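Accompanying notes for the structure given below.
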Amino acid sequence: MKQYFKNLESGLSAAIQNGQSSPRKLYALEIARLGARLYSGVDMVSWCGIYAPFEILNAMGVTSCFVEFIGAMVASTGTVGPMIEETDHIGYSSDACSYHRAVTGAAIKGLMPVPAFLVGSTSPCTGGVAVIENLAAHFKKPLYLLQIPQDFTENNIRYLASQFRDMAAFIKKSTGVVLDNAALTTSVKNSNRARELLLEIYRLAASRPSPVSSKDLANFGIVLSLLFGTEEAVRLAESYRDEFSRRVQAGKSGVPKEKIRLLWIQNRIQFKHPIETMLADEYGAAIVCDELNDVTWDPIDPDDPYEGIARRCLSIPFNGTIENRVKHLQKLAKDYAIDGAINPCNWGCRQGTGARGLIEEGLKKVGVPVLNLEVDCVDSRKFTEGQFRTRIEAFMEMLDQRPSPWSQG
Amino acid sequence: MYYLGIDIGSLSCDAVLIDRDEQVRATSVVPTGARNREAIARVTDDVIRSSGITRKEIRATVSTGYGRDRVEDRASAVTEITCHARGIKAVIPETRVLIDIGGQDSKAILLDQNGKVVDFAMNDKCAAGTGRFLEAMARALQVDIDEMSRLDAGAAGTQTISSMCTVFAESEVVSLIAEGAPVKEIVHGLNRAIASRTLSFVKRIAQNLTGIPISMSGGVARNTGVVRALNAALGCTVSVPQLPDTVGALGAALIARERDALGNRA
Amino acid sequence: MQQDKEYVGFACAYTPLALIHAAGFIPYRVLPMGDFPDRAGLVLHDNLCPHVKRILDRAMDNNLPALRGMVFMNSCDSMRRLYDAWQRERPDIESAIIDLPMTMDDPAVHFFSSELERLAGILKSWDGETVSEDKLAASMAQYDRIGRSFARLRKDAGNGTLGMGAGALQGLYNQASMQAPEDTIELLEKNTASPPPGAAGMGGVPVFIFGNILPNPEAFDLFESCGARVVGDDLCTGSRLFTELSSSPGDDITSRYAGALLRRRPCARTMDVRNPGSFAAGIIEQAKNSGALGVIGHTAKFCDPYIARIPHLRQKLREAGLPFIMLEGDCTLRSIGQQRTRIEAFIEMLR
């Protein structure tokens, strides 16, 4: 793994220096750098839940990462099979999420760096917390658990903010690393700057035609959150903003002859697969929006960062009831003038796909049909192209024949 | 004085008749079919006829297999896990891990030095990796099930069957045929898929397999291709008894004999 | 039965029954039992907790008593989805979801206490009574009394002197979860006062059962018919729901109640952050104390909190020398019946 990330980093750096730069290459480079730090054996590492406050962790100089990142990495590199088989051997049910099984398998195989501590979060999913607890037991390292309340209320915001303060104290106690207030202020300012750029990026992405090709922003929002607080996040976001601005000004669409605009629900499929290319080449269909690519929070007050970060956490529509998520999806559908949505229904994800029916109904209400693909987004061994091709083709043929739900009024 | 063991599986119904010295006097294997009572009567008649004894000379019958409660004149019903363990102990005494792949179940059974069951793992409800799975694949390949067991010879291992769900694997096989993949490669891929699935059961009951004698029973043990794939996956040679189908029925007969000797209600 | 009071439904063993009762309602557990069309998968997803799906099926089939409201606990992803779907399918029955922390530390207890206060307000808005300190204390005492009566029955089961089968005991748990505590106290004290002679199931192999949802008395009858004697359980629909609460420190009764509820024997979702992985030790300790020769795990399928903890528990049970079998069901009798061979083989192995 260490060597893999190093090679990736040097390969991408060389390509970028040779003038072959693109936002997506810079994005890949940041992933490679994060991977290299995680596996350096030198940096202090923390395995986290998805809602961990990365501004604070980055300000403390801890290389932090949610564990699902590793699941996605082994899927994208095609090495997921042996990891998941490892969990079969210990009787980890195949009904579980493959992100989590892959991470567990990697830990058993000794392919996960030993963290200094772990920070779990009760949102977005129950399975994820359980895996963090298992890893804490496996590595015998201290664990802090963030309880994310469901509703956006002042009482809940205060409770979560106080946990962030406790977490910093816990890290100090576990590792001796102290949170420097000036560093936190800088981190929050960087995060707010990245937020502004994200707003611009998503506004540009919603243009007609969209400057986004289907792969440009895959996994973007969630991975960028790992870099919140850093200058790298700002630079990466600037590069996307600039590129999309250029494309919009030139009237250039991400997918040539854009005909169909798609919304991708939840996470992308992480291993190599032909769906995105097939959508673009055969149907002129572009995934112009991902559910996880949005800014739902206000700028964080640098004088009260804990509360501001808590407000952000509770603003994320994956929190709370499904009503939040459905309303958010409806808003995205309208903002981006979406023709149809694809829900990959990741196998084993109770949080993401448990509400399949309610999501489908909610989007139908605003005239957006949903294609539910029953797919495992991580375990490539379960993927057979033929099975999905027929469904996708039928869905695209249907979309092709109906007017955009947003064309009138 | 004789003891009868009957194993009513989903695909085949097997009977083994032993004498008081635990020597096998007759065996019979017939397809279970739709009516298991008829199959039970047939195998019983078979072993009586071929051993030349009378029905009255059978002192006790123990039944096993999923239809074990359908044998009317049984002294008791014992699960196939216990019976296969007892049976393999008689034919391959050194066995410590027994893999039993039958028509609708596949199991791994861990035995102690005395042949007693210490732990076991079974497949879920679905037929993945079982005899039924192989039957469906043979159908998709349009080959005889016995023929299929030899068809992997000389395969280079170029095909992987990723799906273990019978329905999806069948469509995967169909599309491989359509793509013109050689049959031997497809069969080889299927065998490896079964082996990998079985390996996960085995690992669940025995983490370290070094030097552990492993045997295999059940109808699928006659499929030499699957056994070869298992050997590769487990990194050792799996012992297969001469009559792998009848290990369960033999175990049942031996249990009938033991319980009689102990003076228990057999 | 207390005719004048209305029912408030619940579906999780962490539900504050005493609080609901103190607000003038009868807590009624909506059990995933009965025969109704399978429709929940369309509203939610097929690969979702069958406990949740069966409850939703029941609600969609109108197979419920008159409920004034329904209280959900934010215990896991599946429960959240049930709350979501409930609002769509049964808007006529008001519902609330209460946050349930995953840890037992003081800030978590404090937060849970504020959630209980919020629930008291919601119950009031459902035409309930104001929950006073005295009323809550009285209701807690009643549920503790029930917990003690059940503890006696469980002890008898462990000693092999229970005058009924494990299925009948489960029937009592079910009944107790659907009626007023006053009625349960009367029922149980009659039952424990004069145990019928000639204990049932005495000869079986002692086993300990843990898991989540297993309310069907038929399942316990099946265990016994396979030669097992259930000498202890750790189930959401069994002992975990009816156990006397330990006292917990706190300035007021609500925070003491919150602490006691959170700190009682945990289901797999609740953890002790200072001691990750301690779930396994808890099960092993209980199993050993019960005198069981083997441990049966039985969970409703797709339960992520259990799924993730089973491998570690399996390893720890092996180290402790306790044979273990893991079963999964879908909250139907059919799925329980399909386990017969495994259970029988397990008991044959233990003999």
Side-chain angles (χ1 to χ4, degrees), chain A residues 87 89-93 95-97 100 104 118 120 122 124-145 147-151 153 155-156 159 162-163 166 320-323 325-326 345 347-358 361 372 374, chain C residues 40-49 52 74-85 87-88 97-103 105 107-108 110-112 114-115 118 268-269 271-280 299 301-312 314-315 326 328:
Chain A
T87 64
H89 298 167
I90 59 165
Y92 202 123
S93 167
D95 289 333
C97 161
H100 296 138
T104 304
L118 301 96
T122 58
C125 68
T126 329
V129 192
V131 169
I132 290 274
E133 190 200 1
N134 284 346
L135 290 175
H138 175 83
F139 290 118
K140 299 190 172 60
K141 292 293 175 186
L143 166 66
Y144 190 86
L145 186 66
Q147 318 261 359
I148 316 288
Q150 53 185 341
D151 295 328
T153 65
N155 185 46
N156 289 348
Y159 176 46
S162 75
Q163 293 180 64
D166 281 354
T321 68
I322 209 68
E323 209 187 333
R325 233 185 120 190
V326 168
C345 299
W347 169 262
C349 179
R350 255 57 78 178
Q351 158 67 351
T353 69
R356 177 184 67 185
L358 295 174
E361 186 188 70
N372 292 316
E374 297 300 325
Chain C
L42 275 179
V43 180
L44 295 171
H45 192 283
D46 301 300
N47 299 343
L48 197 70
C49 166
V52 155
N74 188 3
S75 54
C76 59
D77 296 335
S78 302
M79 223 18 122
R80 272 198 288 279
R81 299 293 82 86
L82 178 58
Y83 171 71
D84 293 333
Q87 293 190 305
R88 178 190 183 274
I97 185 162
I98 302 303
D99 263 327
L100 178 68
M102 277 196 186
T103 59
D105 46 85
H110 182 73
F111 175 68
F112 188 44
S114 72
E115 282 294 282
R118 189 168 70 84
R269 65 166 294 285
M271 64 178 86
D272 176 359
V273 277
R274 289 158 309 171
N275 194 4
S278 54
F279 174 73
T299 63
K301 255 179 105 66
F302 306 116
C303 178
D304 291 320
Y306 277 92
I307 283 175
R309 271 109 187 165
I310 293 301
H312 184 240
R314 187 188 297 277
Q315 185 197 331
M326 187 64 214
E328 282 190 329

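None of the values given here were measured: they were computed from a predicted structure. Just so it is clear: chains get the letters A, B, ... in the order the sequence lines come, proteins before strands, and each one is counted from 1.
Heavy atoms closer than 4.5 Å to chain C are found nowhere in A:V326, neither backbone nor side chain. No part of C:A268 comes within reach of chain A, as not one of its non-hydrogen atoms sits under 4.5 angstrom from that chain. Proximity to chain C is absent for every atom of A:N372, based on heavy atoms less than 4.5 angstrom apart. The contact between C:I98 and chain A is made entirely by backbone atoms, counting heavy-atom distances below 4.5 Å. Heavy atoms of C:T103 lying under 4.5 Å from chain A belong to its backbone as well as its side chain. Heavy-atom distances place the side chain of A:Q147, and not its backbone, under 4.5 Å from chain C. Only the side chain of C:R118 comes within less than 4.5 Å of a heavy atom of chain A; its backbone N, CA, C and O stay farther away. With a 4.5 Å cut-off on non-hydrogen atoms, C:N47 touches chain A through its backbone and its side chain both. For a residue to count as touching a neighbouring chain, one of its non-hydrogen atoms must lie under 4.5 Å from one of that chain's; by this rule A:Q163 does not touch chain C. Heavy atoms closer than 4.5 Å to chain C are found in the backbone of A:P124, but not in its side chain.
Inspection of the A:T153 and A:D151 side chains reveals no N or O donor paired with an N or O acceptor under 3.5 Å.
In this structure, the side chain of A:N156 does not engage the main chain of A:P149 through any donor-acceptor pair within 3.5 Å. A side-chain donor-acceptor contact under 3.5 Å links A:T122 to the backbone of A:I148.
A distance of 5.5 Å separates OG1 in A:T321 from CG in C:D84, rounded to the nearest 0.5 Å.
In summary, C:D46 and A:R356 engage in a salt bridge, as defined by a charged side-chain N under 4.0 Å from a carboxylate O.
Among the candidates C:V52, C:I310, C:L42, C:I97, the residue making the largest number of heavy-atom pairs closer than 4.5 Å to chain A is C:I97. When the candidates A:A96, A:C125, A:A136 are compared by the number of heavy-atom contacts under 4.5 Å with chain C, A:C125 comes out ahead.
The aromatic ring centroids of A:Y159 and C:F112 lie 6.0 Å or more from each other.
Heavy-atom contacts from other residues, nucleotides or ligands closer than 6.0 Å to NE2 of C:H110 number 12 or fewer.
Taking the six-membered ring where tryptophan is involved, the planes of A:W347 and C:F302 are perpendicular, since the angle between them exceeds 60° and thus also 30°.
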